[in-house]
There are 2 protein chains.
Amino acid sequence: MSQTVTALLRLRELILSGALAPGERLSELSVVDQLGVSRTPVRAALARLEEEGLLEPIPSGGFAVRAFAVDDIRDALELRGTLEGLAARLAAERGVALPALNEMRRLLDSIDRVIGGGQISAADFSAYIGLNEQVHARLIDVAGSTVVARQIGRVMTLPFASPSAFLEAQGMLPEARAILTLAQEQHRAVLEAIENREGARAEAIMREHARLARRNLQLALGDQEVLRRVRGGALIRHGLRA
Amino acid sequence: MSQTVTALLRLRELILSGALAPGERLSELSVVDQLGVSRTPVRAALARLEEEGLLEPIPSGGFAVRAFAVDDIRDALELRGTLEGLAARLAAERGVALPALNEMRRLLDSIDRVIGGGQISAADFSAYIGLNEQVHARLIDVAGSTVVARQIGRVMTLPFASPSAFLEAQGMLPEARAILTLAQEQHRAVLEAIENREGARAEAIMREHARLARRNLQLALGDQEVLRRVRGGALIRHGLRA
DNA sequence: AGTATACATCTTGTATACAATACTATGGAA
DNA sequence: TTCCATAGTATTGTATACAAGATGTATACT
């Protein structure tokens with residue numbers, strides 16, 4: 001693994017874990033000292049994290065860890081829903097080959113098996129997260145647009161905007177099972193809409209699907225213990241927008 | 001101006017002008033030779049252009065100038081419409097302060113003055129382009145979401161996805177005047193929709209607005225002379241998607 | 001002719017020294 | 001006390017040398 005990738009992964013983790021707090025200032029040399037690599041990979045990593053939105057440049061030099069207001073999170077979720085909705089609509093409008101539809105169906109069947117038992121174990125939940133990510137990735141693929149896929153990928157670099165957003169928090173909800181079931185219903189529904197060429201329906205479903213994460217966001221906001229477990233939770237700043 | 005910015009601007013221009021053709025391979029050292037700057041700014045520029053989507057990395061080393069299929073262009077326009085539509089909807093849902101609305105109204109009045117005369121001169125057209133960009137920028141601002149604004153900014157780094165996309169080609173259409181008038185109607189309509197808190201209407205208008213560029217795209221595709229004048233026209237590859 | 005090996009070349013990753021720029025602190029003058 | 005100039009410090013920009021890894025080519029062997 002290159003030093004650049006190492007620096008990137010470690011720095012990102014320091015940020016998402018809260019070890020580097022929102023507003024904290026980072027200069028190249030301070031990161032060099034912290035990570036013990038030379039300036040060149042540090043520069044590349046800093047530039048990348050700026051592009052991802054985790055860092056913002058300070059006019060007087062260096063970068064600050066970005067703080068995210070609750071409204072920012074909501075907007076990020078809405079953005080993802082809008083883009084995944086676009087992907088779903090394109091897929092419905094353009095049609096999707098049967099093998100790809102079947103592949104998605106198989107993934108959904110796997111999800112059913114994971115959440116269909118009685119109580120959902122930690123292992124089940126973990127499996128669900130993995131499968132959920134795959135479902136979303138497939139959905140973006142079947143739209144058949146590299147332009148759209150690339151853009152969605154960029155949105156999802158923020159932890160709050162990924163399909164797994166706040167799922168750690170969800171696992172702690174009393175109604176965790178019910179929400180998974182609802183989400184899975186939406187997975188099934190959007191597949192059906194795509195197959196039936198119902199573009200507007202597909203789009204609306206995916207938008208609503210992304211909004212499910214708002215419940216988890218609310219939960220995380222009301223409980224410090226939960227917030228601590230949420231990836232990137234340390235970046236959330238209570239109050240109005242940044 | 002730093003060498004990095006110089007390299008970035010020059011390289012981008014070489015690409016958009018067609019001097020560097022789609023598919024052409026660029027290595028760091030070849031660009032160093034071509035631009036006469038050292039590797040460090042070249043690396044930064046190459047990374048940036050990759051992020052913007054103009055270059056794609058080659059597994060064996062170096063970058064290739066990306067070719068855009070016609071479908072990619074259409075998808076990029078649809079993407080911009082979707083995001084600007086989101087911005088318009090958010091603005092309508094959340095409300096916009098009167099001074100900001102008035103600022104937009106003033107810009108639209110300026111556009112009316114520019115296109116309201118008889119024949120549209122080159123200077124008029126040029127002024128329209130500048131004002132059009134400002135209208136769009138204001139529209140994104142009034143949504144009041146930095147998350148969404150940032151994302152739209154990223155989409156618009158591609159020349160085909162900017163509000164000015166293919167406007168050079170439009171200027172050559174016999175019905176250029178009519179299209180400007182229609183676009184301006186849509187500007188007025190979306191402002192009204194925002195003011196009236198009509199989110200769905202605002203969103204639909206901006207989507208349709210972005211699709212206007214398709215006419216210009218068709219024109220450019222059918223006429224090499226026109227295509228040559230379009231910024232980034234050299235990147236367009238006829239045929240199906242890349 | 002096909003395959004393996006050695007060597008050359010290309011390309012990128014990395015570290016580091018030097019230069020340029022911007023910011024901050026300090027001292028002096030009004 | 002306030003303002004301005006200067007010096008010091010911090011930070012980034014840049015160039016370049018060295019190293020590592022990948023690819024391509026030539027040659028020898030089967």
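Letters A, B, ... mirror the listed sequences (proteins, then strands); counts begin at 1.
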Look at the side-chain N and O atoms of A:Thr40 and state whether any lies under 4.0 Å from the OP1 or OP2 oxygen of C:dT16.
no
Closest-nucleotide 5' rank along DNA chain C - winner of A:Val37 and A:Gly61:
A:Val37
Starting at atom CZ of B:Phe63, determine the distance to atom P of C:dT12, rounded to an integer number of angstrom.
7 Å
Remember a base hit wins even if backbone is also touched, and classify A:Ser27 as base, sugar-phosphate or nothing at under 4.0 Å, heavy atoms.
sugar-phosphate
Taking 4.0 Å as the cut-off, does a side-chain nitrogen or oxygen of B:Arg43 come that near to OP1 or OP2 on D:dT14?
no
Side chain of B:Glu28 (C-beta onward), nearest among C:dG13, D:dT12, D:dT14
C:dG13
Most 5' of A:Pro41 and B:Leu26 on DNA chain C, judged by nearest nucleotide
B:Leu26
Rounding to an integer number of Å, can you tell me how far B:Asp33 CG sits from C:dT11 P?
10 Å
Winner on side-chain proximity to A:Leu29, out of D:dA17, C:dT16, D:dT12, is D:dT12
Per A:Gln3 side chain, nearest of listed nucleotides D:dT16, C:dT16, C:dA15
C:dA15
Using a cut-off of strictly less than 4.0 Å, decide whether B:Arg25 has a side-chain nitrogen or oxygen near OP1 or OP2 of C:dT11.
yes
To the nearest angstrom, the CD1-P distance between B:Ile58 and D:dA22 comes to 17 Å
Ignoring hydrogens and angles, tell me if any N or O in the side chain of B:Arg10 forms a donor-acceptor pair with the backbone of B:Leu35 under 3.5 Å.
yes
Ranking D:dG13, C:dG13, C:dC23 by distance to the side chain of A:Ser2, first place goes to C:dG13
Going by distance alone, is a donor N or O of one side chain under 3.5 Å from an acceptor N or O of the other, for B:Glu133 and B:Ser164?
yes
Does the plane of the ring in B:His209 sit parallel, tilted or perpendicular to the ring in B:His136? Use 30° and 60° as the thresholds.
parallel
Hey, is the side chain of A:Ser60 pairing donor to acceptor with the base of C:dA22 inside 3.5 Å?
no
Gap between atoms CG and C1', on B:Leu35 and D:dT14 respectively (whole Å):
15 Å
pair B:Arg80-B:Leu83: side-chain heavy atoms closer than 4.5 Å
no
Donor-acceptor contact present, side-chain A:Ser17 to main-chain A:Glu13, <3.5 Å:
yes
Rounded to whole angstroms, how far apart are CZ on B:Arg39 and C1' on D:dT14?
13 Å
